[in-house]
Protein chains: 4
Amino acid sequence: MGKRERTKAENRQAILDAARLVFAELGYGETTVRDIIRRTGLASGTFYNYFKSKEEVFQALMDASALRMRPRIRAERIRAANFEEFISASFRAYFDYIAQDEEMHRIIRRKSGAMRVRMDTPEVVAVFDELHLDIERAIAQGVLPNVDPDYLTAAFVGIAFEVGDIMQTRDPFDADEAAEFATKLFLGGVNALPRLPETK
Amino acid sequence: MGKRERTKAENRQAILDAARLVFAELGYGETTVRDIIRRTGLASGTFYNYFKSKEEVFQALMDASALRMRPRIRAERIRAANFEEFISASFRAYFDYIAQDEEMHRIIRRKSGAMRVRMDTPEVVAVFDELHLDIERAIAQGVLPNVDPDYLTAAFVGIAFEVGDIMQTRDPFDADEAAEFATKLFLGGVNALPRLPETK
Amino acid sequence: MGKRERTKAENRQAILDAARLVFAELGYGETTVRDIIRRTGLASGTFYNYFKSKEEVFQALMDASALRMRPRIRAERIRAANFEEFISASFRAYFDYIAQDEEMHRIIRRKSGAMRVRMDTPEVVAVFDELHLDIERAIAQGVLPNVDPDYLTAAFVGIAFEVGDIMQTRDPFDADEAAEFATKLFLGGVNALPRLPETK
Amino acid sequence: MGKRERTKAENRQAILDAARLVFAELGYGETTVRDIIRRTGLASGTFYNYFKSKEEVFQALMDASALRMRPRIRAERIRAANFEEFISASFRAYFDYIAQDEEMHRIIRRKSGAMRVRMDTPEVVAVFDELHLDIERAIAQGVLPNVDPDYLTAAFVGIAFEVGDIMQTRDPFDADEAAEFATKLFLGGVNALPRLPETK
DNA sequence: AATGAATGAGCGTTCATTCAT
DNA sequence: AATGAATGAACGCTCATTCAT
């Protein structure tokens, strides 16, 4: 099948897929539009039928990913009987996600030298945003003590990101183990947290 | 004073300072050598009297930073009466460090849109490495229970990085508060962590 | 007609033509890729759609020229009844060739000051190679006495090059006259040459 | 002895010596002023105390060389009993000269790839000029028949240059043999040359 | 006179982007 | 809609040259 016969949707997806891999491999800053289209096999001009710039593909990638992650996290939240279960499920969802993305993982590992350039992947952003809302809600509902919601979300994200990173270096790696570690640490920490003064 | 009168040391420092800011603003990948020298007001060729490439400035920056952070953390470790104090002091050292770097902070904030690109700054790397050793030592000495040292270090770094990031967005911001939050969360979490099976 | 409408072949040829002139004018070493494309009126980047480097254009030029000169000399060799006629025809072919290249000639003259930088033009190389084989063959067949074939070829080339050079400075110039001079000198000289000892 | 104590004359000579080698190695066009001064061990700025540019060193080199070659050729002319001896001595002087310049020779050989770039060395120019006058004089005095003096000089130079080139590729090489070859060829050729019509 | 850092023009090359086909 | 050659801005880097020391 020549490129001509591919549907618009297929070409668009091909570009997005290529972009995801190349961003992961080279980092956003060092990725060129040419790198992306080279991976698709499409002609250079064709890129501009779908996206105006590198920035725009990246944005589309973010949106697409959020679309995949958000429903999973929402489902977990609904299923979760309590905050503990929700946190546990969120970590697990994130670790499962990066665990399953084998190709991405291999590419990233091949590259990382002394200097690691990390980009907020769409997945992290999705988790981050969703979680932030949930934590604020939990505090409002008294499910959580009155801690600083921004810092707490940040801590969750930081743990997820860094522990996930280490997890991926292990061979074989165990997403459940990582999720249990992160969950225990995070929840244990939450209980020890200083309460903010009540703003009555 | 013309650039010709400046001492070599001053010009070298001017380039390093500019590089730090530009790396922070644009990320390593998107920074060009010309971006750096433009900020110094020096002529383009002058850059190459001091550094062979972008990579080399970055490396110099790393080395210089490690030189500043490492002794601080070592001093804290020696002063610390126990693990709790050591962790607390480490968070505080890191938050103090980024707190004081006002200009860098303003620049980073100006840029960060939807996409945050984070680079392991020399400071983070220094903290990370030092800490990793300390945690392993603490476990070996029985000061810490037998937890996974890599994950634990990763969690510390993640919390420091992300909470520090949020802290910097606040005006005014309070490094002590952030350090207390991070310390409590982390230490509370450590106590709740699953022990690894003893490898007797 | 805009450059965009030109066929690929035309643009490629335009670059080759420009390169020939610029190499002749400035010498290979002092010619820059930009000198070449400036002469074509194409954009700088366009050069790299056709050639990877200055070296590559030069090579292409060599190949093209050899293709033009070699068949002419071969034809002469076949037509020639004897060695004298072959030498005469070869000089004539070379002088005709440079005589006809009016533009090249004007350019070279404009430049040559005290310092002449001469490059083995593709034409010279073509003549040289062809001739070397022919002289060796002539000796092997007893047509020529047993003289040093390398030196004899070199002498032919030297005479052709330098006499051709002088010829081009004359206005008007006479390729037949130059060819007659060179032929007589060369053939007269060959007869006076010391024979190498027979290696029987 | 530091560079400071060197006399002006010594530094000037050091630059000239370095320039000769570098020109021979890289060719005029590809030689940079930096290449030259690097070879001397002097500071870059110092070059400009002695010469205004690469062109000027080259010119000085020409002049110096002419000064060395001219007297030799003049001496030969005076000693020579006839035109034959003069030609023979001139070829010998030239071949001896390039033969003896061992270092230059080695350098040139190391470089020459498929593409030979030849520069009129000062020596060639000196021989050329001197010879041109002598040939004209010989014709005027009836020692030589009425041939074209420009072409004849050119032929001499061409033979000298190319045969000398080949000679240098041989190991070991024999300047006497080369000189004998060139002389015989040239003189044999002269006798066979067409006479120009007398311009009475 | 000698030094060597600063300068900025210019080079080879890559790149995002345009546009005729 | 897809193509890929043309474009020219911008990049990393080198160089001749200047000039304060």
Side-chain angles (χ1 to χ4, degrees), chain A residues 2-8 10-12 31-38 40-55, chain B residues 1-12 30-38 40-55, chain C residues 1-8 10-12 30-38 40-55, chain D residues 2-8 10-12 31-37 40-55:
Chain A
K3 280 107 208 180
R4 292 234 183 217
E5 292 98 62
R6 283 224 280 256
T7 69
K8 278 181 65 174
E10 277 171 337
N11 275 341
R12 194 187 142 89
T31 296
T32 69
V33 171
R34 273 158 129 86
D35 290 330
I36 298 171
I37 57 132
R38 207 174 295 136
T40 63
L42 294 168
S44 62
T46 304
F47 178 89
Y48 295 91
N49 288 338
Y50 295 97
F51 301 98
K52 271 213 295 287
S53 66
K54 180 174 72 159
E55 173 110 28
Chain B
M1 181 179 67
K3 278 104 211 179
R4 252 194 163 103
E5 290 99 63
R6 286 221 278 255
T7 69
K8 276 186 73 172
E10 279 170 335
N11 275 338
R12 193 188 141 90
E30 280 182 317
T31 296
T32 69
V33 170
R34 275 160 131 94
D35 288 331
I36 297 172
I37 56 131
R38 250 194 300 270
T40 64
L42 292 167
S44 67
T46 303
F47 177 89
Y48 296 92
N49 289 341
Y50 295 96
F51 301 98
K52 273 212 292 288
S53 65
K54 181 174 72 159
E55 173 107 29
Chain C
M1 180 179 68
K3 277 104 211 179
R4 249 190 165 103
E5 290 100 65
R6 285 223 277 256
T7 68
K8 276 185 73 172
E10 278 171 335
N11 276 338
R12 194 187 141 89
E30 281 181 318
T31 296
T32 69
V33 170
R34 276 161 132 94
D35 288 332
I36 298 171
I37 56 131
R38 252 194 297 269
T40 63
L42 294 167
S44 65
T46 303
F47 177 89
Y48 295 93
N49 289 340
Y50 294 95
F51 300 97
K52 274 212 292 290
S53 65
K54 181 175 70 160
E55 173 106 29
Chain D
K3 280 108 207 177
R4 291 233 184 217
E5 291 100 60
R6 283 223 281 254
T7 68
K8 281 181 64 175
E10 278 171 335
N11 275 340
R12 195 187 140 89
T31 295
T32 69
V33 171
R34 274 157 130 86
D35 290 331
I36 297 171
I37 57 131
T40 65
L42 293 168
S44 63
T46 304
F47 178 89
Y48 294 91
N49 289 338
Y50 296 96
F51 301 98
K52 272 213 294 287
S53 67
K54 180 173 72 159
E55 172 111 29

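We name chains A, B, ... by the order of the sequence lines, and we start the count at 1 in each one. The figures here come from the full heavy-atom set of this structure, side chains too, leaving out hydrogens, waters and symmetry mates.
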Whole-Å gap separating P (dA1(F)) and CZ (R12(A)): 14 Å
Donor-acceptor side-chain pairing of T46(D) and N49(D) below 3.5 angstrom: no
Gap between atom NZ of K8(B) and atom OH of Y50(B) - 0.5 Å precision: 6.0 Å
Candidate pair F47(D) and T40(D), rule side chain to side chain contact (heavy atoms under 4.5 Å, CB included), full reasoning: CA-CA 10 Å; F47(D) 178 89; T40(D) 65; over 6 Å; no
For atom CD1 of I37(A) and atom P of dC15(E), their distance in whole Å: 11 Å
R38(B) CZ - dT7(E) P separation (whole Å): 16 Å
Touch class at under 4.0 angstrom, heavy-atom based, for T32(D) against every strand present: sugar-phosphate
Nearest-nucleotide pick for A43(A), side chain only, options being dG4(F), dT7(E), dT17(F): dG4(F)
Any T46(B) side-chain nitrogen or oxygen under 4.0 Å from OP1 or OP2 of dT7(E): yes
Which residue lies more 5' along DNA chain F, comparing Y48(B) with S44(C) via nearest heavy atoms: S44(C)
Which nucleotide in dA2(E), dA16(E), dT13(E) has an atom nearest any side-chain atom of N11(D): dA2(E)
Under 3.5 Å donor-acceptor pair, R34(A) side-chain atoms to dA16(E) base atoms: yes
Value in whole Å for how far the P atom of dC13(F) lies from CD1 of I36(B): 11 Å
Residue whose closest nucleotide on DNA chain E lies nearer the 5' end, D35(C) versus G45(D): G45(D)
Spacing of CG belonging to N11(A) relative to CG belonging to L42(A), to within rounding of 0.5 Å: 4.5 Å
Straight-line distance of R38(A) CZ to T32(A) OG1, nearest 0.5 Å: 6.0 Å
For atom CZ of F47(B) and atom C1' of dC15(F), their distance in whole Å: 18 Å
Interatomic distance where NZ belongs to K52(B) and P belongs to dC13(F) [whole Å]: 11 Å
Complementary nucleotide of dT21(F), counting Watson-Crick and G-U pairs under 3.5 Å: dA2(E)
Y50(D) vs dA2(E): side-chain N/O to OP1/OP2 distance below 4.0 Å: yes
Sugar-phosphate only, base, or nothing, as touched by K54(D) at under 4.0 Å among non-hydrogen atoms: nothing
Distance below 4.0 Å between N49(C) side-chain N/O and dA5(F) OP1 or OP2: no
Atom-pair distance (CZ on F51(C); P on dT13(E)), nearest Å: 13 Å
